[in-house]
There are 2 protein chains.
Amino acid sequence: MTGTATSAEAERRAPRGRIDKRQAILDAAFTVFAREGYGQACVKDIADEAGVAKPTVYNHLSDKANLFRQAMAAAAERSMADELAAIERLRDVGDDIRTALEDVGHRLLQCYCDDRSWALRRLLHAELGRFPELLDTVRGHGTGRVNDALADRLARLSLAGRLRAGDPAEAAEQFVALLTGPIEARSRLGTVPIPDAELHTVARAGVRTFLRAYATDPQAYETTAQAADGTRG
Amino acid sequence: MTGTATSAEAERRAPRGRIDKRQAILDAAFTVFAREGYGQACVKDIADEAGVAKPTVYNHLSDKANLFRQAMAAAAERSMADELAAIERLRDVGDDIRTALEDVGHRLLQCYCDDRSWALRRLLHAELGRFPELLDTVRGHGTGRVNDALADRLARLSLAGRLRAGDPAEAAEQFVALLTGPIEARSRLGTVPIPDAELHTVARAGVRTFLRAYATDPQAYETTAQAADGTRG
DNA sequence: GGACTTCTGAACGTACAGGTTCAGATCCAT
DNA sequence: ATGGATCTGAACCTGTACGTTCAGAAGTCC
């Protein structure tokens with residue numbers, strides 16, 4: 001479609017003998033798979049998107065299936081790294097747990113609402129039947145590295161007496177659920193962008209409920225102004 | 001899978017000419033789409049699954065796309081009816097809100113964990129790009145009929161002074177999130193069956209957190225024994 | 001510059017799925 | 001039983017996508 005030689009095209013074609021086409025192919029593959037789904041995506045489109053000839057794709061990655069697996073793995077790695085980075089912020093909670101949790105919640109929601117992140121989950125759901133091993137690839141082998149990391153942070157907070165004692169894994173589960181659950185519906189499964197203000201609102205609401213249930217002194221937080229959000233579709 | 005097979009079998013041998021094959025076709029279509037995904041499912045397989053010739057499929061439902069839409073709509077209707085029925089139980093809460101909520105939570109989780117229900121969500125996620133109108137079909141035009149119904153019930157409970165006042169839609173959102181979030185991970189997106197005991201555990205945990213945050217007198221519930229579950233993968 | 005590797009573009013073989021056609025069988029109503 | 005509707009099974013057409021092949025161009029290393 002964009003096949004005619006524009007200047008942008010010339011630039012993309014410049015490094016021709018380079019070996020780093022692989023990354024471009026994987027990126028393009030994820031883009032196309034995300035747009036079309038595994039079944040409907042065709043390798044030619046991926047090659048075009050990557051600015052590469054079709055045989056080059058088969059040269060670097062043997063199969064369409066393998067191409068899909070690799071692309072998903074790469075996307076998952078990036079996505080997971082972002083979320084883990086967001087959680088790291090809980091390593092040094094100041095005086096205000098509430099603000100810290102809201103901050104982390106907001107960052108997690110930002111990761112979660114990224115286009116690539118939505119696409120990753122959509123493709124995971126979609127192709128789990130055909131690629132069962134994909135679940136471990138994406139979640140990071142276990143209950144999920146994100147949940148585990150969050151559980152670790154919450155456990156430390158419990159130990160420090162800032163949160164109620166209990167199963168940290170369960171608390172992490174519920175914390176994430178309180179954030180992502182509402183987003184799923186509001187964004188219409190990722191098809192509608194959510195303004196950052198609404199992400200804040202959802203994060204605040206989630207953390208409010210979480211703290212009411214998990215704070216050692218829930219009443220302490222009830223004084224804080226919590227109304228007048230009014231961000232709802 | 002066996003369900004449709006038997007019904008298809010029964011129809012195949014008894015009345016061959018007359019009968020609404022339509023329902024059999026829609027059932028079979030959903031089964032096959034659930035197993036293969038839209039792109040990889042082929043109409044021949046659906047016809048076979050329904051015990052019907054291929055032209056008959058095209059006779060009743062013009063397109064593969066239309067076939068998909070109709071099959072999804074039918075499955076969604078059934079699924080939504082089940083969930084709404086579960087929520088109806090909140091119309092007459094006795095003395096014990098906690099037990100009532102746990103009961104509803106458990107029933108909702110049972111609906112949610114049904115094979116067809118998982119398949120419906122998987123297909124929705126998967127094909128939302130190609131069939132955007134599907135979201136309204138499945139959720140029931142709006143924030144989701146299930147969420148709305150639940151919000152109605154919670155609003156009444158708030159008005160009766162049994163739950164804290166606040167946005168009922170938000171409470172419903174969070175209630176559902178606290179239930180379904182943990183299930184998503186535990187069942188590995190529906191690929192692993194969850195024993196009913198674990199559903200109970202998750203429902204109890206979700207309701208416990210929900211009530212700590214939303215009950216008018218949270219302390220009243222803290223006396224109840226809540227430990228010794230130990231159901232975790 | 002020359003040898004070696006990689007990439008390109010286009011063609012090819014193959015397989016398979018969507019959708020149609022048609023003659024014959026089956027069913028329902030009268 | 002007869003007529004009309006529906007279903008069947010198989011063949012058929014067509015488009016498309018996977019994966020391969022190959023000659024030649026372009027980059028890389030000596």
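We name chains A, B, ... by the order of the sequence lines, and we start the count at 1 in each one.
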Problem - Side chain B:K64 and base C:dG19 donor-acceptor under 3.5 Å - result: no

Practice task
Starting from the 5' end of DNA chain D, give me the residue, A:Y38 or A:P55, whose nearest nucleotide shows up first.
Solution key: A:Y38

Handout entry: Minimum-distance nucleotide (side-chain atoms of B:N59 versus D:dG9, D:dC7, C:dT8)
Key = D:dC7

Handout entry: B:F131 ring center near B:Y38 ring center (under 6.0 Å)
Key = yes

Exercise for the section: Mind grabbing the angle between the end helix axes of the helix from C:dG1-D:dC30 to C:dT30-D:dA1? Five pairs an end, 10° rounding. Expected result: 30°

Exercise for the section: Please work out if B:A41 contacts a base, only the sugar-phosphate, or nothing of the nucleic acid, heavy-atom cut-off 4.0 Å. Expected result: sugar-phosphate

Handout entry: Pairing of B:D115 and B:R35 as salt bridge, 4.0 angstrom limit
Key = no

Problem - Atom-pair distance (CZ on B:R22; C1' on D:dT6), nearest Å - result: 16 Å

Problem - Rounded interatomic separation in angstrom, taking CD from B:Q40 and P from C:dA15 - result: 18 Å

Problem - Donor + acceptor pair across side chains of B:T31, B:E49 (<3.5 Å) - result: no

Completion exercise
Taking D:dG9, D:dG19, D:dC7 as options, the one with an atom nearest any side-chain atom of B:H60 is D:dC7

Exercise for the section: Check every atom of C:dC7, D:dG19, D:dT8 against the side chain of B:T56 and return the nucleotide holding the closest atom. Expected result: D:dT8

Exercise for the section: Considering only NZ, NE, NH1 and NH2 on the basic side and carboxylate oxygens on the acidic side, decide whether A:R107 and A:D103 come within less than 4.0 Å. Expected result: yes

Practice task
May I ask you to decide if the ring planes of B:F33 and B:F68 are parallel, tilted or perpendicular, using 30° and 60° as cut-offs?
Solution key: perpendicular

Exercise for the section: Could you tell me whether the side chain of B:K44 has a donor or acceptor atom within less than 3.5 Å of a complementary atom in the base of C:dG18? Expected result: no

Practice task
Taking only the side-chain heavy atoms of B:V43 (C-beta and beyond), determine which of C:dG18, D:dT21, D:dG19 contains the nearest atom.
Solution key: C:dG18

Completion exercise
Rounded to whole Å, CG of B:D45 lies from P of C:dG19 at a distance of 15 Å

Exercise for the section: Would you verify whether the NZ or CZ of A:R121 falls within 45 degrees of the ring axis of A:W118 while also being under 6.0 Å from that six-membered ring's centre? Expected result: yes

Practice task
State whether the number of non-hydrogen atoms from other residues, nucleotides or ligands found under 6.0 Å of B:R89 atom CZ is greater than 12.
Solution key: yes

Problem - Nearest-neighbour nucleotide for the A:V52 side chain, C:dT8, D:dC18, C:dA17 considered - result: C:dT8

Problem - Nucleotide nearest B:K54 (side chain, heavy atoms from C-beta), chosen from C:dG19, C:dT8, D:dC7 - result: C:dG19

Exercise for the section: Could you check how far OH of B:Y58 sits from P of D:dC13, rounded to whole Å? Expected result: 18 Å

Problem - Presence of salt bridge, A:E133 and A:R69, under 4.0 angstrom - result: yes

Practice task
Provide, to the nearest angstrom, the distance between the CG atom belonging to A:D48 and the P atom belonging to D:dT16.
Solution key: 15 Å

Practice task
Output the single nucleotide from C:dA17, C:dT20, C:dT8 whose closest atom is nearest the side chain of B:C42.
Solution key: C:dA17

Problem - Interatomic distance, B:I46 CD1 vs C:dG19 C1' [rounded to whole Å] - result: 14 Å

Practice task
Answer with base, sugar-phosphate or nothing: what part of the nucleic acid does A:A47 contact at a heavy-atom distance below 4.0 Å?
Solution key: nothing

Practice task
With the side chain of B:D63 defined as its heavy atoms from C-beta on, choose the nearest nucleotide among C:dG19, D:dT8, D:dG19.
Solution key: C:dG19

